[in-house]
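Inspection log for the structure reproduced underneath, given as structure tokens.
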Amino acid sequence: MGRVFLVDLEGKTYNCKFCKTQLACADQLISKAFHCSSGRAYLFNKVVNIYFGQSEERTMLSGTHTVMDIFCCCCGQILGWKYEKSYEESQKYKEGKFVLERVRIIDGEFDSEFYIDTRSSSSDDEDTM
């Protein structure tokens with residue numbers, strides 16, 4: 001495989017839980033009211049730094065849809081799916097949209113709050129002399 005070039009997002013982001021790769025901006029979030037087999041899921045207009053699985057028909061709670069699983073381009077973990085086609089008129093708004101499973105993503109801002117720098121600083125080095 002060739003070299004992977006990542007799209008760098010600005011502002012509040014949602015990231016891959018496994019490798020912290022940025023996936024979507026908060027302003028692309030459409031709904032937090034989706035559900036999947038692992039629990040809650042979020043619907044987005046646009047998701048980046050992913051690759052697609054094979055297109056397949058899947059029967060879901062809202063009807064039959066043609067979907068493609070989406071995977072993190074860095075670590076390969078499955079993240080959710082993309083709606084390709086909806087067969088019921090009331091579900092057409094989902095076409096072209098992305099679902100990220102909540103258990104597979106983290107809030108980028110939340111994660112950075114808990115960063116602890118374990119490197120010694122110059123003042124620590126001076127105290128040891």
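Tyr93 is linked by a side-chain hydrogen bond (donor to acceptor under 3.5 Å, both in side chains) to nothing, counting only residues two or more places apart in sequence or in another chain. Residues that satisfy the side-chain hydrogen bond (donor to acceptor under 3.5 Å, both in side chains) test with Thr66, not counting sequence neighbours, are Tyr87. Under the salt bridge (Lys or Arg N to Asp or Glu O under 4.0 Å) criterion, Glu56 pairs with Arg58, not counting sequence neighbours.
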Q: Check the pair Arg104 / Glu101 against salt bridge (Lys or Arg N to Asp or Glu O under 4.0 Å), numbers first and verdict last.
A: CA-CA 6 Å; Arg104 299 179 181 278; Glu101 296 180 20; 3.1 Å; yes

Q: Would you sort out whether Lys82 and Val99 count as a side-chain contact (heavy atoms from CB on, under 4.5 Å), showing the intermediate values?
A: CA-CA 6 Å; Lys82 179 182 180 183; Val99 173; over 6 Å; no

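Here the side chains of Lys12 and Asp107 are in contact, with some heavy-atom distance below 4.5 Å. Counting only heavy atoms from C-beta outward, the side chains of Cys16 and Cys75 approach each other to under 4.5 Å. In this structure, the side chains of Lys97 and Phe34 stay at 4.5 Å or more apart for every pair of heavy atoms. Between Met60 and Val67, the closest side-chain pair of non-hydrogen atoms falls below 4.5 Å.
Nearest approach of Gly76 to Phe71, heavy atoms of both residues: O-CD2, 3.5 Å. Here the closest non-hydrogen pair linking Phe18 and Gln77 is CD1-CG, 3.4 Å.
In summary, the side chains of Lys94 and Ser62 do present a donor paired with an acceptor at a separation below 3.5 Å, with no hydrogens or angles considered.
Other members of the cluster containing Ile105 are Tyr14, Leu23, Leu29, Tyr42, Phe44, Val47, Ile50, Phe52, Met68, Ile70, Leu79, Phe98, Leu100, with ILVMFWY side chains joined at under 4.5 Å, either directly or via other members. Chaining together hydrophobic side chains whose heavy atoms lie under 4.5 Å apart places Leu9 alongside Val7, Val48.
Rounding to the nearest 0.5 Å gives a distance of 12.5 Å between NZ of Lys20 and SG of Cys74. Atom CG of Asn45 sits about 11.5 Å away from atom OG of Ser31, to the nearest 0.5 Å.
The backbone N or O of Ser86 sits less than 3.5 Å from a side-chain atom of Glu95, completing a donor-acceptor pair. Checking side-chain atoms of Asn49 against main-chain N and O of Gln22 turns up a donor-acceptor pair under 3.5 Å.
Residue pairs meeting the salt bridge (Lys or Arg N to Asp or Glu O under 4.0 Å) criterion with at least one partner in residues 24-53, sequence neighbours excluded, do not occur; the list is empty.
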